[in-house]
Number of protein chains: 2
Amino acid sequence: MITVAIVDDLKEIREGLQLLIDSSTGFSCLDAYGNAEDAIIGLQRSIPDVVLMDINLPGLSGIEAVGQLKDKCPGIQFIMSTVYEDDSKIFDSLKAGASGYLVKKTTPDKLLEAITEVYKGGSPMSTNIARRVISSFRMNDPLNKVNILTQKEKEILKALSQGLRLKEIAAEMHVGMETVRTHTRHIYEKLQVQSRTEALNKVFGKR
Amino acid sequence: MITVAIVDDLKEIREGLQLLIDSSTGFSCLDAYGNAEDAIIGLQRSIPDVVLMDINLPGLSGIEAVGQLKDKCPGIQFIMSTVYEDDSKIFDSLKAGASGYLVKKTTPDKLLEAITEVYKGGSPMSTNIARRVISSFRMNDPLNKVNILTQKEKEILKALSQGLRLKEIAAEMHVGMETVRTHTRHIYEKLQVQSRTEALNKVFGKR
DNA sequence: GTCTCCTACCCCTTTTTTGGGATTTTTTGA
DNA sequence: TCAAAAAATCCCAAAAAAGGGGTAGGAGAC
């Protein structure tokens, strides 16, 4: 039996979800909250396995709520639900500690499946959400930052990102270390940074 | 009609998948390759919509193959399939340009669904794969390697990831620089690395 | 002909990494 | 409960690496 709680400001959705969960075998809905503040208090008393958290709540956002609750009750798994597929909201949710991320049009059986998956330690998410997440790993698609660099500079930067030392890069590229140094200086100038880590953050995005 | 190609070194799997795809309406299997080298040549002549790529191939790995092919044929969507859920393999695949990542025990209908999803621009992945991906976003996640570190060490590592200097970290945390230095030493020992960038790659995944 | 890019060298400072310690507090387990 | 382990704090010294500044020749592009 997986216990679930719901946080959503719309009464209809709240009751709809509650009905769905309670009428499904193996699931039980403990509570339903209409805002983040009530949820933060209530969830610490009555701890469910999984929380369906709406992102756009009046007052404190669902993301904020997850951030606070995940510290206090690390065992609770959070599935964010929203109508928007906003990149920053996705990443902020994941950073805050959400395990799943669904768009609201998700069908009832997919939703129950997601709850089961997250309970078992998985991270269910809509495939287009996943796409946005993994696109952050690729340096080819978004970044004009990299394009102000020359080809050699890009190669050097890539090598720098591996954690190689300057002399190792030099050996690998069959050039002198001083040459590598000159390139890194140009890279830093162009990116307006003072260190390797700063450069990588600027190009690949912060974590 | 979605056209598919298969790359897998096991004949049974290759033929099994081919049969599955060809016998499903809306799908057509163009080719099946037993190794990465053949696939790299063949896929450039006969271009499918989606490629199911095994990771563990004799000779050139599936990850390498994706890396090379994604540059030459950006339109092809790659779904990696493997029996292992190795963190570095996952991240390397995504970095190379794979859009989906499935474990081999995936059921036939889930597989077809994944092909459809990736064709439509999504990124299907097993929920436990997704979990590993997103765990890299949250330091406190149980799956993150960062958990062998103490709380202070995590804080230091986070500061290191911002590109701050040791003395800056010391100032920010109101401790001596020697303390920060000792912590970083312990971090490097635990992660078995020799530099800041290596440590960050180990914890947050390579890029 | 000037410009950018790749290459390479000089001097010098700062930062990081590695190697020894030490002390106190906190946590843990027998 | 008490001792052991782990964590957090600091110090000294030295070597390695990285970063800042300047300069400069050759190749290719415009």
Side-chain angles (χ1 to χ4, degrees), chain A residues 71-75 139-140 143-204 206-207, chain B residues 71 138-142 144-204 206-207:
Chain A
D71 285 332
K72 292 166 183 162
C73 312
M139 91 181 219
N140 278 19
L143 299 155
N144 38 13
K145 276 274 194 278
V146 161
N147 294 321
I148 62 177
L149 303 180
T150 68
Q151 193 51 45
K152 262 278 152 27
E153 285 165 355
K154 285 184 194 172
E155 281 178 48
I156 301 270
L157 183 64
K158 187 176 177 185
L160 287 172
S161 78
Q162 321 274 296
L164 298 176
R165 300 200 171 97
L166 297 186
K167 66 162 82 166
E168 292 172 328
I169 298 172
E172 205 169 79
M173 295 180 64
H174 307 292
V175 294
M177 193 182 76
E178 288 299 329
T179 304
V180 178
R181 257 171 42 77
T182 306
H183 282 308
T184 64
R185 267 169 27 196
H186 292 156
I187 293 170
Y188 293 174
E189 277 169 21
K190 288 182 179 177
L191 298 177
Q192 298 182 326
V193 296
Q194 282 83 39
S195 75
R196 179 185 299 212
T197 309
E198 276 185 283
L200 297 179
N201 280 340
K202 203 126 190 176
V203 171
F204 295 101
K206 280 193 187 139
R207 278 297 157 75
Chain B
D71 285 332
R138 182 166 166 81
M139 275 206 175
N140 289 346
D141 192 284
N144 199 308
K145 286 197 188 69
V146 93
N147 279 290
I148 59 177
L149 303 180
T150 68
Q151 195 54 44
K152 263 278 147 38
E153 285 165 353
K154 286 183 197 174
E155 283 176 46
I156 301 269
L157 183 65
K158 188 175 177 184
L160 287 173
S161 77
Q162 321 275 299
L164 298 176
R165 299 197 174 101
L166 298 184
K167 65 163 70 171
E168 291 173 327
I169 298 172
E172 203 168 80
M173 296 179 65
H174 306 293
V175 295
M177 195 178 72
E178 287 297 334
T179 306
V180 178
R181 191 178 314 215
T182 307
H183 283 308
T184 64
R185 232 190 315 187
H186 290 156
I187 293 170
Y188 293 173
E189 276 170 19
K190 288 182 179 176
L191 297 178
Q192 299 180 328
V193 296
Q194 280 79 40
S195 74
R196 175 185 300 211
T197 309
E198 276 187 283
L200 297 178
N201 280 341
K202 204 124 190 176
V203 170
F204 295 103
K206 277 189 190 152
R207 286 170 284 191

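Given the structure is predicted, the values throughout are model-derived calculations rather than measurements. All heavy atoms count here, side chains included; hydrogens, waters and symmetry mates do not.
Distance, Glu198(A) CD to dT16(C) P: 11 Å, rounded to whole Å. One can place NE2 of His186(B) at 10 Å from P of dA8(D), the figure rounded to the nearest angstrom. The distance from atom CD of Gln151(A) to atom C1' of dT7(C) is 17 Å, rounded to the nearest whole Å. In this structure, Glu168(A) atom CD and dT17(C) atom C1' are separated by 14 Å, rounded to whole Å.
The environment of CD in Gln192(B) is sparse: at most 12 heavy-atom neighbours from other residues, nucleotides or ligands sit within 6.0 Å. Summarising the local packing, CD of Glu168(A) is surrounded by more than 12 heavy atoms from other residues, nucleotides or ligands at distances under 6.0 Å.
Considering only side-chain N and O atoms, Lys167(A) lies nowhere under 4.0 angstrom from the phosphate OP1 or OP2 of dA18(D). Taking side-chain N and O atoms only, His183(B) has no distance below 4.0 Å to OP1 or OP2 of dA7(D). Dashed line: the shortest gap from a side-chain N or O of Tyr188(A) to OP1 or OP2 of dG19(D) is under 4.0 Å.
Of the charged side-chain nitrogens involved, none lies within less than 4.0 Å of a carboxylate oxygen, so that Lys158(A) and Glu155(A) do not count as a salt-bridged pair.
A residue-by-residue look at Ser195(B) and Thr179(A) shows that Thr179(A) has its nearest nucleotide of DNA chain C further toward the 5' end. Nearer to the 5' terminus of DNA chain C, by closest-nucleotide assignment, is the contact made by Lys190(A) (compared with the other of Lys190(A) and Val175(A)). Heavy-atom nearest nucleotides on DNA chain D were determined for Glu189(A) and for Leu164(A), and the one closer to the 5' end corresponds to Leu164(A).
Between the axis at the start and the axis at the end of the helix from dG1(C)-dC30(D) to dA30(C)-dT1(D) there is an angle of 60°, using five pairs per end and rounding to 10 degrees.
Each of dC10(C), dT16(C), dC6(C) was ranked by its minimum atom distance to the side chain of Glu178(A); first place goes to dC10(C). Ranking dT18(C), dT9(D), dA17(D) by closeness to the Gln194(B) side chain, first place goes to dT18(C). Of the candidate nucleotides dT9(D), dT18(C), dC6(C), dT9(D) has the atom lying nearest to any side-chain atom of Thr182(B).
Nearest heavy atoms, Lys154(A) versus Leu149(A): CE-O, 3.7 Å. Among all heavy-atom pairs drawn from Ser161(B) and Leu200(B), the shortest one is CB-CD2, 3.5 Å.
Side-chain atoms of Arg165(B) and base atoms of dG19(D) include no donor and acceptor less than 3.5 Å apart. Applying the 3.5 Å distance criterion, the base of dG22(D) shares a donor-acceptor pair with the side chain of Arg185(A). The base of dC6(C) has none of its N or O atoms less than 3.5 Å from a complementary donor or acceptor on the side chain of Thr150(A).
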Side chain to side chain contact (heavy atoms under 4.5 Å, CB included) evaluation trace for Glu172(B) with Val180(B): CA-CA 11 Å; Glu172(B) 203 168 80; Val180(B) 178; over 6 Å; no
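To the nearest 0.5 Å, atom NZ of residue Lys167(A) and atom CZ of residue Arg181(A) are 13.5 Å apart.
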